[in-house]
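See below for the structure under consideration.
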Amino acid sequence: MIQLKNSVQIKAMREAGRITGEALLVAREHIRPGVSTLTLDTVIREYIERQGAKPSFLGLYGFPGSACISINDEVIHGIPSKHRILEEGDIVKIDVGAAIGGFHGDSARTYPVGKVSREAEALIAATKQSFYEGVAAFRAGNRIGDIGHAVESYVKKFGFSVVRAYVGHGVGHSVHESPDVPNYGTPGHGPRLCAGMVLAIEPMVNVGRSEVVQLSDGWTVKTADHSLSAHYENTVALTEDGIINLTEVETET
Ligand code: MG
Ligand code: MG
């Protein structure tokens, strides 16, 4: 069942969203060659806890980190480790959630480590823009399929593909609520969108084919063809007055 949020609840979700967005910015400041993904995870956890919030992902379904940190052909759910060291030219995906006041925020970014390839730059830019294409379709009267169609149509222009095995979702008292928000879809199909919906819209985009595989660690998801993958996510509320991007913080450029 889709849990609609009233204006008081959406206001409360702004706080969880702000902390989530700020945690990503704090992590970004630490990205450079030689830094481990565990260091990034620690910085994120400490920031969230200093704000009086809790990392949403820590212990969620048994996940051992506060953030999912995935490098290059890893798509999502990378486990932070002191043995995973960022290298010049990598792209690193950081996916964070923070909970406070009974609500969660959920947001992900893909950051370059030093100088990256033109292909990586193009992938990161297209993935970010595909999020905004999806948000533009997040309007009362539209349907879930309109969001996914907008995302996939955009990235296909670049020859990229969307991951189909993992999808966006509702956000609220739980990090993952109904409905599913695929990054593909048929216009006019799926649940109808209306004010009070809060969705994590999160394109996962591959340079190559859309197929992914899960590693034997039980978590890390990689592209099957080893091509680069990028991720861009925000928690977005639809209100009577339009969209509120709950996890986008103003200082972000
Ligand atoms: Mg996320
Ligand atoms: Mg999510």
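Everything numeric here is computed off the predicted structure, so don't read it as measured data. Counting starts at 1 for both ligands and their atoms, following the listed order. Residues take their numbers from the sequence shown, with the count starting at 1.
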- Message: Let's go through Y154 and F158 carefully: what are the C-alpha distance in whole Å and the side-chain angles of both, what is the deciding distance for ring pair (Phe, Tyr, Trp, His ring centres under 6.0 Å) to 0.1 Å, and is it a yes or a no?
- Response: CA-CA 8 Å; Y154 184 77; F158 301 86; 5.2 Å; yes
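Of all protein atoms, those that are N, O or S and lie under 2.8 Å from the Mg ion (ligand 2) total 4.
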Donor-acceptor pairs under 3.5 angstrom involving side-chain atoms of residues 182-189: please list them, not counting sequence neighbours.
unit_1: N183; atom_1: ND2; unit_2: E202; atom_2: O; d: 3.1
unit_1: H189; atom_1: ND1; unit_2: P187; atom_2: O; d: 3.2

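Remark: K93 does not engage E233 in a salt bridge, criterion side-chain N to carboxylate O under 4.0 Å. The pair K157-E133 does not meet the salt-bridge criterion, since no charged nitrogen lies less than 4.0 angstrom from a carboxylate oxygen.
The shortest non-hydrogen separation linking V198 to K5 is CG2-CD, 3.8 Å.
Aromatic ring pairs are classed by plane angle as parallel below 30°, tilted from 30° to 60° and perpendicular above 60°; the pair Y166 and H77 is perpendicular.
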